[in-house]
Amino acid sequence: MALSTRGTVTAFSPFDARADAEALRKAMKGMGTDEDTILKILTSRNNAQRQEIASAFKTLFGRDLVDDLKSELTGKFETLMVSLMRPTYIFDAHALKHAIKGAGTNEKVLTEILASRTPAEVRNIKQVYLQEYEANLEDKITGETSGYFQRMLVVLLQANRDPDGRVDEGLVEQDAQVLFRAGELKWGTDEEKFITILGTRSVSHLRRVFDKYMTISGFQIEETIDRETSGDLEKLLLAVVKCIRSVPAYFAETLYYSMKGAGTDDDTLIRVMVSRSEIDLLDIRQEFRKNFAKSLHQMIQKDTSGDYRKALLLLCGGDDE
């Protein structure tokens with residue numbers, strides 16, 4: 001993962017892995033569990049420090065910290081704590097494995113991860129997947145998906161997006177025209193053109209293409225995708241466009257819809273809060289406040305409860321009123 005300073009969780013100092021391991025053991029030993037101690041320690045240490053705590057825990061007590069958490073905790077709170085313990089490098093590969101395992105494929109997870117990660121991150125995910133699960137991620141995904149949705153995922157899995165560099169205005173104009181002709185001007189849609197351009201051009205180039213597209217067609221590219229495509233392909237293309245425009249804004253929207261309306265999509269809420277906590281959660285909070293007229297903190301507060309809520313609010317870090 002790209003380590004950025006825009007996360008809400010940073011290295012805790014002064015850090016003492018043994019003292020933390022002892023406090024966690026005490027919190028889980030005997031009758032009852034001290035959830036407060038567990039959530040305070042795990043949300044205030046970064047992932048590398050949590051791995052050191054797990055190692056100290058095994059050294060001191062001959063016990064596996066994650067197994068103990070699983071046996072002492074329950075429900076969404078357990079899922080959140082166990083997710084925090086998952087090593088950063090394996091987090092995405094694990095999420096993808098579970099998205100394509102068993103009956104039914106979780107297209108939402110495939111879309112969210114492959115649309116938002118950088119080419120370097122995608123290459124890393126493929127490598128880790130192979131090491132950890134002795135399977136080829138692309139083969140697994142193509143086995144579980146079909147049509148243009150599958151083809152766009154395969155393009156993203158190649159992780160060959162052009163690097164950002166000088167933008168060629170002539171090519172910008174050309175791409176915008178090609179997309180216009182492939183969608184709005186055509187009876188039926190030439191999905192392949194959308195897949196190639198959105199899946200391979202550089203971020204800075206595509207931002208210019210979207211502006212040029214608006215000038216040529218009078219539509220935002222999102223409106224065209226909405227009209228011209230449907231189902232999983234539409235959701236994937238829209239996610240790619242949103243991430244090209246702004247990854248933090250994409251995740252702010254993902255978090256908002258995970259909590260909006262009746263019921264909460266806790267899997268998405270946990271996955272995004274944990275995976276972005278050391279990368280760009282501060283930027284996500286900013287976009288959330290700007291786009292939804294309330295803070296992420298307020299929405300978590302209103303939508304969740306108990307220790308699960310306490311831990312999420314600590315990960316969130318602050319309230320942007």
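Predicted, not measured: the structure shown is a model, and the values here were computed from it. Residues: numbered from 1 along the sequence shown.
When the ring pair (Phe, Tyr, Trp, His ring centres under 6.0 Å) test is applied to Tyr129, the partners found at least two apart in sequence or on another chain are Tyr133. Applying the salt bridge (Lys or Arg N to Asp or Glu O under 4.0 Å) test to Asp267 and every residue at least two apart in sequence or in another chain returns nothing. The side chain to side chain contact (heavy atoms under 4.5 Å, CB included) check on Ala120 picks up Thr118, Arg123, with sequence neighbours excluded. Residues that satisfy the ring pair (Phe, Tyr, Trp, His ring centres under 6.0 Å) test with Phe57, not counting sequence neighbours, are Phe61. Residues passing the side chain to side chain contact (heavy atoms under 4.5 Å, CB included) test with Ser44 are Phe12, sequence neighbours excluded. In this view, Lys70 satisfies the salt bridge (Lys or Arg N to Asp or Glu O under 4.0 Å) rule with no residue, not counting sequence neighbours.
Within the structure, the ring pair (Phe, Tyr, Trp, His ring centres under 6.0 Å) test picks out the following pairs touching residues 93-113 (sequence neighbours left out): His94-His98. Applying the side-chain hydrogen bond (donor to acceptor under 3.5 Å, both in side chains) definition to pairs two or more places apart or across chains, those involving residues 18-27 are Asp20-Arg45. Sorted by first then second residue, the side-chain hydrogen bond (donor to acceptor under 3.5 Å, both in side chains) pairs that include residues 228-239, not counting sequence neighbours, are Thr189-Glu228. Sorted by first and then second residue, the salt bridge (charged side-chain N to carboxylate O under 4.0 Å, His left out) pairs involving residues 131-155 (not counting sequence neighbours) are Arg151-Glu192. Residue pairs meeting the salt bridge (charged side-chain N to carboxylate O under 4.0 Å, His left out) criterion with at least one member in residues 72-81, sequence neighbours excluded: Lys76-Asp266. Listed by first then second residue, pairs satisfying salt bridge (charged side-chain N to carboxylate O under 4.0 Å, His left out) with a partner in residues 203-223 read Glu169-Arg208, Glu173-Lys212, Arg208-Asp211, Glu222-Arg245, not counting sequence neighbours.
Nearest approach of Thr304 to Ile300, heavy atoms of both residues: OG1-O, 2.6 Å. Residue Glu278 comes nearest to Asn47 through the heavy atom pair OE2-N, 2.7 Å, listed as atom of the first residue, atom of the second, then distance. Of all heavy-atom pairs between Ala21 and Leu60, the closest is CB-CD1, 4.1 Å. The two residues Arg50 and Leu42 come nearest to each other via the heavy atoms NE-O, 2.8 Å. Closest heavy-atom contact between Thr105 and Glu107: O-OE1, 2.7 Å.
Under the 3.5 Å distance criterion, the side-chain polar atoms of Ser246 are left unmatched by any main-chain donor or acceptor of Lys242. Formation of a donor-acceptor pair under 3.5 Å by the Thr254 side chain with backbone atoms of Tyr250 is found in this model. In this structure a side-chain-to-backbone donor-acceptor pair under 3.5 Å is missing from Arg161 to Ser202.
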Worked check of side-chain contact (heavy atoms from CB on, under 4.5 Å) between Met259 and Leu296: CA-CA 10 Å; Met259 292 182 277; Leu296 176 58; 3.8 Å; yes
With side-chain contact (heavy atoms from CB on, under 4.5 Å) as the test, would you mind laying out the steps for Val178 and Thr196 before giving the verdict? CA-CA 11 Å; Val178 166; Thr196 302; over 6 Å; no
Check against salt bridge (charged side-chain N to carboxylate O under 4.0 Å, His left out), Glu35 and Lys310: CA-CA 10 Å; Glu35 287 88 357; Lys310 269 190 214 169; over 6 Å; no
Let me see the working for Gln220 and Val241 under side-chain contact (heavy atoms from CB on, under 4.5 Å), right down to the final yes or no. CA-CA 11 Å; Gln220 292 285 13; Val241 168; over 6 Å; no
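Taking hydrophobic clusters as Ile, Leu, Val, Met, Phe, Trp and Tyr residues chained together by side-chain heavy-atom distances below 4.5 Å, Val155 shares a cluster with Phe149. Hydrophobic clustering of Ile, Leu, Val, Met, Phe, Trp and Tyr side chains at less than 4.5 Å, counting indirect connections, unites Val82 with Ile53. When hydrophobic clusters are built by joining Ile, Leu, Val, Met, Phe, Trp and Tyr residues whose side-chain heavy atoms come closer than 4.5 Å, directly or via intermediates, Ile216 is grouped together with Phe194. Residues Val274 and Tyr256 are members of one and the same hydrophobic cluster, defined by side-chain heavy-atom contacts under 4.5 angstrom among Ile, Leu, Val, Met, Phe, Trp and Tyr.
Taking NZ from Lys126 and CG from Asp92, the interatomic distance works out to 14.0 Å, rounded to the nearest 0.5 Å.
Ion pair Asp67/Arg63 not flagged as a salt bridge, since none of the NZ, NE, NH1 or NH2 atoms sits closer than 4.0 Å to an Asp/Glu carboxylate oxygen.
In this structure the side chain of Ile113 reaches within 4.5 angstrom of the side chain of Ile125, judged on heavy atoms. Residues Cys316 and Arg285 have side chains in contact (heavy-atom distance under 4.5 Å, counting atoms from C-beta outward).
Tyr257 and Phe292 have perpendicular rings, their planes meeting at more than 60° on a 0 to 90° scale where under 30° would count as parallel.
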